[in-house]
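Read the numbers this way: they start at 1 and go in the same order the structure lists the ligands and their atoms.
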Amino acid sequence: MPVITVKDLHKSYGNIEILKGIDLDISKGEVVVVIGPSGSGKSTFLRCLNLLEQPTSGEILFEGESITAPKHDINSTREKMGMVFQNFNLFPHKTVGQNIMIAPRTVKKQSASEVEVIANKLLQTVGLSDKKDVFPNQLSGGQKQRIAIARALAMQPHVMLFDEPTSALDPEMVGEVLEVMKKLAHEGMTMVIVTHEMGFAREVGDRILFMDEGRIMEQGSPEEVFNNP
Ligand code: ADP
Ligand code: ADP
């Protein structure tokens, strides 16, 4: 069974149709990289997947359950889909450790000692164990994004969504963030990644989706998509 199934997904803002019928199955452990020109609907598609945007029509199944059905509990799905944004969205008045622990504490009601263990492990994963007690403004952009990834992972999501995670970074910091994402991919995380990093797409992507004007115009393995004349 696919982790995510998207059926004839449409999204309009007013009378402007942005997504014009997306169909897709995403398997467990699959790394799907979404590429395409600016304004083609990549970000809107990602935001529909975890219901930050309400699709206009169509259906999304997550682990076999329709999450677009009217009675569906959106929060229970969001907990299982971690999302990382271009601009980090860390809480500025909380330390790095607090940023990572807040959702498991408040949403999942996990104990302080339990989330402490999770946070320490995740800080190690992203290579920032020494930053636990500092505030986000004391971090570089690349470090902030690694913490944003750790914070999303703290909820132990089944899927991770990345919306241009390196686009706001100085070039010398892009690599450290892509390394963390690559590590996740190798650990078997199911991921949907919107990015302009073609080297990364080619190396880490299991499947490339090329979006244009609200449709998937082409998809396939990196070899198929990038070597197509
Ligand atoms: P991409 O991520 O491929 O650059 P987006 O999904 O961000 O594309 O945007 C696709 C189109 O939808 C753009 O034309 C954008 O202006 C429009 N759009 C995105 N969000 C909104 C919104 N909240 N209201 C109206 N139009 C929007
Ligand atoms: P961005 O890539 O998001 O622009 P910067 O690397 O420019 O991030 O860093 C953002 C802010 O954090 C800047 O004011 C910078 O001086 C500061 N900064 C960066 N690295 C450190 C650090 N290791 N310790 C303290 N402050 C830092």
Under 4.0 Å from ligand 1, counting heavy atoms only: the protein residues, by chain and number: Tyr13, Ile18, Pro37, Ser38, Gly39, Ser40, Gly41, Lys42, Ser43, Thr44

Salt bridge (Lys or Arg N to Asp or Glu O under 4.0 Å): pairs with one or both residues in residues 85-113, sequence neighbours excluded: none

Pairs touching residues 214-226 that satisfy salt bridge (Lys or Arg N to Asp or Glu O under 4.0 Å), sequence neighbours left out: none

Atom pair CG (Leu178) and CG (Leu169), whose distance is rounded to the nearest 0.5 Å: 8.5 Å

Atom pair CE (Met81) and CG (Leu52), whose distance is rounded to the nearest 0.5 Å: 10.0 Å

Any pair counted as side-chain hydrogen bond (donor to acceptor under 3.5 Å, both in side chains), so long as it reaches residues 177-191, sequence neighbours left out: Lys182-Glu203

Polar side chain donor-acceptor pair, Lys132 to Asn120, under 3.5 angstrom: yes

